[in-house]
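First up is the structure itself, then whatever we jot down about it.
Counting convention: from 1, in listed order, for ligands and their atoms alike. For the numbers below, each heavy atom of this structure counts, side chains included, while hydrogens, waters and symmetry mates do not.
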Amino acid sequence: MSLECASCDVYACRVGRVDATPDDCPMRGPFPSLEELYDTDGARRLLYHSALVEAEGYGRWTRVREIAELAHRMEYHRLGVVSCPDMGMEADLAARALRRMGLDVVVAAPFEDCDPVGQALLLAEEHTHFNVLAGMCVGHDSLFIRHSRAPVTSLVVRDLRLAHNPAAALYTREGYSKTALYGRREPPVPGTFGGWSDELIADTARAVSDAAAGRETPPCRVEEIMDFARRSGVSHMGIVFCVGFRREARDLEAILQTNGFRVSSSCCKTGAVPKATIGIKDEEQVTPGKPEMICNPVAQSSLLEDEGVELMLLLGQCAGHDSATMASLSVPAVCVVAKDRVLAHNTVAALYRP
Ligand code: SF4
């Protein structure tokens, strides 16, 4: 059974129509139960509160506000904010915004060189409850996610070409970004990937960053991700996406496949579990009175890992759902887009305005 939710035409999981799923739907085979996937009180609370924040702030709260609301509900009072050195301004702005929303914030921005493992250790010593990515290089985010002791969520995704608005590459893929995304490159060679180590991630991230620094026009995030995958020998990528990003997931899948990568993908509604199952009342749904399923972030990562993906791409998950995915992964994750329903996913805009 292939795992290709990005190519699904029905999205029957979204409304709980298990009877109407396509033949290659993962729900047609043995599917992990909620008890198996969320086996701690913390994991279940995160699932519950992420869903409440999603519904209450739907289309009204920016990403940074959603993160603050989730932190308060989860009793994550002390937050860490991390970035690579060239994103120090965005990290400071993120910290300022979160402090305004009543949170205690520690910024772990390195002065000169990228140091994601050192930043994760520093925040562990600072006993942060929740760590916020505010702009890290491709691969350095993977290392930070691996080493963070606290749950991680994504606020700003660094994109040198698009002023940290990486979703714009997907929306302009047939226009201004076409050459950047579909330009001639060597295809990846399946079977060359030898497994991950921190050293490989760090060396590859450095090579990607050095290559970008030497270019007159900087690469966009999606280009850097493909460069990172190629240099590390990855040929099979997994996309973990929000159902609200189904069009973007299909576009990202097309870009990666055109560049020679094998792509598997998993939609957040996979499993088709009604929200009432985790105690969410009808009036607490995004749309009361309609069938509404939970986001199932650990099922997404679990299905894709079973599929053998070598690198996981996080596309538009809600605040908290991304944290659950990141915490459950054994392969590295790279952030592609952080969702912001108010700002068309340009999360950083909320930080720049006064
Ligand atoms: S899980 Fe949902 S999106 Fe994926 S194939 Fe099944 S119905 Fe389609």
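Using bins of under 30°, 30° to 60° and over 60° for the plane-to-plane angle, the ring pair His345/Phe245 lands in the tilted bin.
Excluding water, every protein N/O/S atom under 2.8 Å from atom 2 (Fe) of ligand 1 is given here by residue and atom: Cys13 SG.
For Phe193 and Trp196, the ring centers sit closer than 6.0 Å to each other.
Salt-bridge formation is detected for the pair Lys275/Glu54: a Lys NZ or Arg NE/NH1/NH2 atom is positioned less than 4.0 Å from an Asp or Glu carboxylate oxygen. Here Arg78 pairs with Glu126 in a salt bridge; the nearest charged N to carboxylate O distance falls below 4.0 Å. Taking the charged nitrogens against the carboxylate oxygens, Arg206 and Asp115 have no contact shorter than 4.0 Å, which rules out a salt bridge.
Tyr11 carries Arg246 over the face of its six-membered ring, with the cationic atom under 6.0 Å from the centre and within 45° of the normal.
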